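Here is the structure we will look at.
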Amino acid sequence: MELKCLSLLLASVTGYVAARSLPIGELESRLLLSKAPSGGDVSPVKLYPAYNFSVPIDHIHNETRYEPHSDDFFNIRYWFDATYYKPGGPVLVLCGGEDTGDDRLPYLQKGIINQLAKATNGLGVVLEHRYYGESFPVPNLSVENLRFLTTDQSLADTTYFANNIVFPGLEHLNLTASNAPYIAYGGSYAGAYVAFLRKLYPDTWFGAISSSGVSEAQWDYREYLDPIAQFGPQPCIELTQTLTHAMDNIIFHNHSYVPELKALFNLQGLKYDDDFMNALSYGISYWQDRNWDPAVNDLDFHNYCTNLSSSTIKYPHYVSHKATAEDLISAGGYGEKAVSLAPHLLNWAAWMNYTQIQPILEAGYTESQYFSLRNETFYKLDDITQTWRSWPYQYCTQWGFLQVGANVLKNGLPLISRTQTLEYGSTICREAFGIMKPAQTEQINKYGGFKISYPRLAQIGGQADPWRPVTPLADPYLNTPSTLNEPRILIEGAVHHWDENGLFPNETTCELPPLPVKKAQEQEVKFVVAWLKEYADVAHTELH
Ligand SMILES: *[C@@H]1O[C@H](CO)[C@@H](O)[C@H](O)[C@H]1NC(C)=O
Ligand SMILES: *[C@@H]1O[C@H](CO)[C@@H](O)[C@H](O)[C@H]1NC(C)=O
Ligand SMILES: *[C@@H]1O[C@H](CO)[C@@H](O)[C@H](O)[C@H]1NC(C)=O
Ligand SMILES: *[C@@H]1O[C@H](CO)[C@@H](O)[C@H](O)[C@H]1NC(C)=O
Ligand SMILES: *[C@@H]1O[C@H](CO)[C@@H](O)[C@H](O)[C@H]1NC(C)=O
Ligand SMILES: *[C@@H]1O[C@H](CO)[C@@H](O)[C@H](O)[C@H]1NC(C)=O
Ligand SMILES: *[C@@H]1O[C@H](CO)[C@@H](O)[C@H](O)[C@H]1NC(C)=O
Ligand SMILES: *[C@@H]1O[C@H](CO)[C@@H](O)[C@H](O)[C@H]1NC(C)=O
Ligand SMILES: *[C@@H]1O[C@H](CO)[C@@H](O)[C@H](O)[C@H]1NC(C)=O
């Protein structure tokens, strides 16, 4: 039976940790976009009302960086589903991380939290992170008001929630952490976050599942591109490397050709070469947004690669640019391959123009308004609606992860341009927050980094995830044994926290979910059930 369902499909989960330096237009438009619910499902926003829970603004009174301190409280948002709850069951908290909490509701409706709740008589919760969605402790996002945005303060919120919550309608039950086992789940930033929860607050958090948990903070994250180079379709990878190298050669050694190059991509309005090359890295960076769930899968990576790899000019309008493309390739030092490479460059340019640039221009942006990382006027905006400020503030101060064009894992060439430097990637840090030095990653890495470990802390990862090099499942640590107490699961072919998504039973097929994802989820259910048995068997206070 199982053989029949052997899957060909290997696919992903949407990552919210930015795949590249986000230009301003994208920071802005993120505020307007609300993700549509998948298929014809009942929107989970309608299914689960949002509730408020009041927590202290400032949990940490002995550190000067939080001065002036605050004794006030503010509301964080949460949602819950008690459909499967039975007395004795766990509380399963999905930590929202660096995104509005309502984007995480599908995981309560049919993703990993739903699956765990069904299997354990659990109560599922989605909890929003401070400074995201609607959970703001301050009236505006001035640099001073961002001082309470640290991972430590948020971990304390989440723990305070677990120790004090009374769920509306369930007032007759005491479901605080001293009365029920609490299990935390998170993906990406939130994956690292739940690992820290378990380690820092073991009396509150009985267990944690860290999926694609980026627990090793790094200012320079050039390795982001390595899994893409390794697992991406090779013709597309090699063409991206070669043509990027040619364009870098023009920028660094033959600058008089730059205007013509920008014009070919319809980005002649972009003044800065690094902004231009950042826009060109869009295609390859969409790798992270692939997902096995067709409802949320992003096809851009696939489309970019099939266009780039095609050796005939796919777009009639671009045939007239053939000589220009050949000249540019020659100017970039690949003269002997100019004829064979030209169609690939033209398909890249056309794909960019039609799918990434033209729609932005039609929406009323100029090239620089949308694609530039520089705009002091924009970065000065700090009213409460400028919620784009939160994650950059976190990565500028503590986490880093700047994606630099430098690694040469394959073919001796980087996959994105060498113009993508630390200096460039940290533009927002200087202009929006006045931060001139690298993030203080030691504030994060003191919790264990790659080697974070704790009983009942699971690590789940995607083999082809661009974030895997900063997780405990990075190549040098891959041989660490997996145990029931500290499970480690690498999902073959997967990208970013692919175990988080799920389907309704009436949506599953032989191919979906793909077997490696299905198996990982089954294992997660298994080890959580085993952990809960420990909780039931022994007076749990003795276990910590
Ligand atoms: C939650 O609190 C915020 C203010 O912090 C308020 O605007 C909102 O209406 C409250 N929502 C609910 C559901 O009570
Ligand atoms: C602040 O207090 C906490 C808890 O008592 C302690 O672990 C930490 O080391 C203190 N930090 C400083 C900077 O004194
Ligand atoms: C931002 O909020 C603070 C209070 O937290 C206030 O003092 C300040 O005036 C506000 N800034 C602006 C520009 O309104
Ligand atoms: C729940 O139980 C804990 C201790 O077991 C107690 O401290 C707390 O007050 C109780 N909460 C409610 C709402 O009864
Ligand atoms: C980009 O697309 C627009 C709209 O189709 C077209 O007018 C323009 O000529 C294209 N740019 C290039 C360089 O071909
Ligand atoms: C090229 O890109 C377009 C737009 O993203 C897409 O519709 C098409 O399928 C891609 N592939 C090829 C081979 O043209
Ligand atoms: C600059 O472009 C010209 C024209 O294609 C070429 O002959 C020359 O070798 C290029 N210079 C460098 C440094 O690549
Ligand atoms: C800079 O940002 C402001 C505010 O969003 C915008 O009005 C302006 O057009 C931008 N300028 C450039 C050059 O992009
Ligand atoms: C599939 O199941 C879900 C959840 O039970 C339900 O909301 C949805 O309408 C079903 N879809 C179809 C096509 O029957």
Side-chain angles (χ1 to χ4, degrees), residues 56-74 130-131 135-153 155-157 159-160 163 196-197 199-204 232-233 235-236 239-240 265-266 279-280 282-287 289-290 294 297-319 343-360 362 377-387 389-390 393 398 432-434 440 442-444 446-448:
I57 291 177
D58 184 5
H59 300 269
I60 304 167
H61 282 262
N62 61 353
E63 288 185 32
T64 53
R65 67 176 149 164
Y66 300 117
E67 287 172 0
H69 289 286
S70 169
D71 292 318
D72 289 342
F73 281 67
F74 76 106
R130 59 166 60 199
Y131 288 86
S135 300
F136 287 89
V138 288
N140 63 50
L141 300 174
S142 68
V143 175
E144 193 192 10
N145 277 351
L146 286 166
R147 72 188 180 285
F148 296 120
L149 176 51
T150 62
T151 300
D152 284 346
Q153 292 276 10
L155 292 167
D157 291 340
T159 299
Y160 185 90
N163 288 329
F196 302 162
L197 271 183
K199 190 164 176 181
L200 292 177
Y201 301 101
D203 294 341
T204 299
C236 174
L239 283 162
T240 301
F265 281 85
N266 200 15
L280 264 53
Y282 274 36
I284 207 76
S285 301
Y286 283 122
W287 174 260
D289 297 333
R290 295 161 55 246
N297 184 28
D298 187 323
L299 288 170
D300 278 317
F301 179 83
H302 173 84
N303 286 335
Y304 162 75
C305 275
T306 51
N307 277 271
L308 181 65
S309 307
S310 171
S311 48
T312 55
I313 304 171
K314 309 274 320 165
Y315 301 87
H317 176 75
Y318 278 72
V319 173
H344 301 289
L345 183 63
L346 291 167
N347 288 333
W348 187 350
W351 180 82
M352 275 300 293
N353 187 16
Y354 295 140
T355 70
Q356 312 292 308
I357 300 165
Q358 211 53 45
I360 294 307
E362 277 163 19
T377 313
F378 177 78
Y379 286 136
K380 291 281 175 295
L381 301 175
D382 63 4
D383 63 87
I384 195 66
T385 66
Q386 309 299 327
T387 56
R389 288 172 77 81
S390 298
Y393 181 79
Q398 298 196 301
F433 313 118
Q440 293 172 280
E442 67 282 359
Q443 293 175 5
I444 299 301
K446 67 182 178 193
Y447 298 136

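These figures come from a predicted structure and were not determined experimentally. Counting starts at 1 for both ligands and their atoms, following the listed order.
Geometrically, ligand 2 and N62 share a nitrogen or oxygen pair separated by less than 3.5 Å. Residue-to-ligand polar distances keep K314 apart from ligand 6: every N/O pair is separated by 3.5 Å or more.
Ring orientation note: the planes of Y304 and F301 are tilted relative to one another, at an angle of 30° to 60°.
Every protein residue with a heavy atom nearer than 4.0 Å to ligand 3 is included here: P139, N140, N145.
Between T312 and P343 the shortest side-chain heavy-atom distance does not fall below 4.5 Å. For the pair N140/Q386, no side-chain contact is recorded, criterion being any heavy-atom separation below 4.5 Å from C-beta on.
In this structure, Y315 has its ring center under 6.0 Å from that of Y354.
At distances below 3.5 Å, not a single donor-acceptor pair connects side-chain atoms of N145 with backbone N or O atoms of L141.
A search for side chain to side chain contact (heavy atoms under 4.5 Å, CB included) contacts involving T355 returns W351, not counting sequence neighbours.
Checked by atom type, the side-chain pair Q440/R65 shows no donor-acceptor distance below 3.5 Å.
For ligand 6, the atoms sitting less than 4.0 Å from at least one non-hydrogen atom of T355 are 4 (C), 5 (O), numbered in the order shown with element in parentheses. Of all the atoms in ligand 6, the ones that sit under 4.0 Å from a non-hydrogen atom of W351 are 2 (O), 4 (C), 5 (O).
Of the inter-residue distances, the one linking Y131 atom OH with F74 atom CZ reads 7.5 Å to the nearest 0.5 angstrom.
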